[in-house]
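First up is the structure itself, then whatever we jot down about it.
Naming convention: chains lettered A, B, ... in sequence-line order (proteins, then strands); numbering from 1 in each chain. None of the values given here were measured: they were computed from a predicted structure.
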Protein chains: 2
Amino acid sequence: MEGPTNISDVIEKYLKGILEDAEQVEIRRSDIADQFNVVPSQINYVIKTRFTIQNGYIVESKRGGGGYIRIEKVNLLADADVLDNLLNDVVGDSINQHDAYAIVNSLFNDGVLKEREANIILSAIDKDTLNVADREVENTLRARILIGVLNRLRFED
Amino acid sequence: MEGPTNISDVIEKYLKGILEDAEQVEIRRSDIADQFNVVPSQINYVIKTRFTIQNGYIVESKRGGGGYIRIEKVNLLADADVLDNLLNDVVGDSINQHDAYAIVNSLFNDGVLKEREANIILSAIDKDTLNVADREVENTLRARILIGVLNRLRFED
DNA sequence: TATAATATAGTCAATATTAGTCAAAGATTG
DNA sequence: CAATCTTTGACTAATATTGACTATATTATA
């Protein structure tokens, strides 16, 4: 008998309802805030907690006159589960170059990544590219980049 | 799906529309300003924010009688020097997300990068991925990653 | 030819119009 | 009651619009 109990859930459902029929929604933040009688920054909260790339959404925005927030729904790829497993089991919040190379290489061998794609990732997480003095900072950064990229690759446009 | 509600975007689209079929556009600033009912200096604003070299455009102009503004589309990889200059002058050792995005997008539009490749690079240099407290550190890191990746692609073939 | 008048475009700063960040306060949950 | 999630609002940042002032090139005229 109980519907959603908080307004964030209501706003989430409203936006996802639109995305049932459309590829994307484009809103003016203050319009939605007015419509649901909340402060504008609550829209940011809803988006940040409920429209992440992990959930299959890409968000773009622009400030100033004619500004907007656009939420786009992206579809899961067939390879998504392979990437899921890696993300959950292998990549922690820190990873060294050797282990990261092994992951990218295995994705290439499995056909998930093309050669050129693998090379791009490898140079992005290369220790000479990152060039951070502290080894642990370097490994943390590498983990974030790898996670960010692999999460993006779970989806098509 | 509404169009842009700010006039700068409209003018941008108008000019880019012409550039679909032509190598370059040449305009009289006041003509375009009249046509879209804006002050002349807004044309400068549109050009300065949307027709930069990182977007893949070169702009020349002349004042006085018979004056003009000419916008030319360039391929960032057609001439190796163009990319060199871009990497040295625009990326340098620090670049913000907005400018970096423009470069990657131009390379995609020029056919240098496939969509998936562009997406990989974009997620690697995204500010939420890098997630560095200090803005300048973030921009430095982004510059190194972008340069590392692009150089790798450049010399791979 | 020198100079003045005219016709362009460029720069910059003020103002307006959006969205983003962050942390404190409040509410819910386990 | 501790941890987590939600709500709020003050402050920040980015983008767009406008117009006064400046710089430069061409054309007309003395």
Could you check whether A:Lys48 gets within reach of a base, just the sugar-phosphate, or nothing at all, counting any heavy atom under 4.0 Å?
nothing
Base, sugar-phosphate, or nothing: which does B:Gly67 touch, judged by heavy atoms less than 4.0 Å apart?
sugar-phosphate
Donor-acceptor pair, A:Arg70 side chain versus A:Ser61 backbone, under 3.5 Å?
no
Phosphate-side-chain proximity, A:Gln42 and D:dT8, N/O vs OP1/OP2 below 4.0 Å
yes
Looking at every strand, decide which applies to A:Arg70 at a 4.0 Å heavy-atom threshold: base, sugar-phosphate, or nothing.
nothing
Just by distance, with hydrogens left out, do B:Asn96 and B:Arg142 show a side-chain donor and acceptor under 3.5 Å apart?
no
Any luck finding a side-chain donor-acceptor pair between B:Asn55 and B:Thr52 under 3.5 Å?
yes
Can you name the ring-ring contact (aromatic ring centres under 6.0 Å, His included) partners of A:Tyr14, sequence neighbours left out?
A:Phe36
Nearest to the side chain of B:Arg29 - D:dT17, D:dT15, C:dT11?
C:dT11
Taking the nucleotide of DNA chain C with the closest heavy atom to each, which residue, B:Gly66 or B:Asp128, is nearer the 5' end?
B:Gly66
Go through the N and O atoms of the side chain of B:Ser41 and the base of D:dG19, and report whether any donor-acceptor pair is under 3.5 Å.
yes
Taking atom P of C:dT18 as reference, at what distance in whole Å does atom CD1 of A:Ile43 sit?
15 Å
From the options D:dT18, D:dT6, D:dA16, select the nucleotide whose nearest atom is closest to the side chain of B:Ser8.
D:dA16
What is the separation between atom CD1 on A:Ile32 and atom C1' on C:dT18, rounded to the nearest whole Å?
15 Å
Could you give the OH-to-P distance, from B:Tyr45 to C:dT15, as a whole number of Å?
18 Å
Rounded to whole Å, how long is the line connecting atom CZ of A:Arg50 with atom C1' of D:dT7?
12 Å
Toward the 5' end of DNA chain C, which comes first, A:Ile69 or B:Lys62, by nearest nucleotide?
B:Lys62
How close or far is atom P of D:dA14 from atom CG of B:Asn96, stated in whole angstroms?
8 Å
Whole Å only: how far is the CD atom of B:Glu12 from the P atom of D:dT15?
13 Å
Whole angstrom is fine here: how far is it from CD in B:Glu138 over to P in C:dG20?
15 Å
Is the shortest side-chain N/O distance from A:Ser61 to OP1 or OP2 of C:dG20 below 4.0 Å?
yes
Report the distance from atom CG of A:Asp9 to atom P of C:dT29, rounded to the nearest whole Å.
10 Å
Judged by nearest nucleotide, the residue sitting upstream toward the 5' end of DNA chain D, A:Val38 or B:Thr49, is A:Val38
Is a side-chain donor-acceptor pair under 3.5 Å present for B:Asn151 with B:Arg154?
yes
Have a look at A:Gly64 and say if it touches a base, only the backbone sugar-phosphate, or nothing, with a 4.0 Å heavy-atom cut-off.
base
Does B:Lys127 have a side-chain nitrogen or oxygen under 4.0 Å from the phosphate oxygens OP1 or OP2 of C:dT21?
yes
Between A:Asp9 and A:Arg50, is there a salt bridge with N-O shorter than 4.0 Å?
yes
Is any side-chain nitrogen or oxygen of B:Arg135 closer than 4.0 Å to OP1 or OP2 of C:dT21?
no
Donor-acceptor pair under 3.5 Å: do we get one between A:Arg63's side chain and the base of C:dG20?
no
For a quick check of understanding: with a heavy-atom distance under 4.0 Å over all strands, which category does A:Tyr68 fall into, base, sugar-phosphate or nothing?
sugar-phosphate
Which part of the nucleic acid, if any, lies within reach of A:Asn44 when heavy atoms closer than 4.0 Å are counted: base, sugar-phosphate only, or nothing?
base
Between B:Val39 and B:Asn6, who's closer to the 5' end of DNA chain D by nearest nucleotide?
B:Asn6
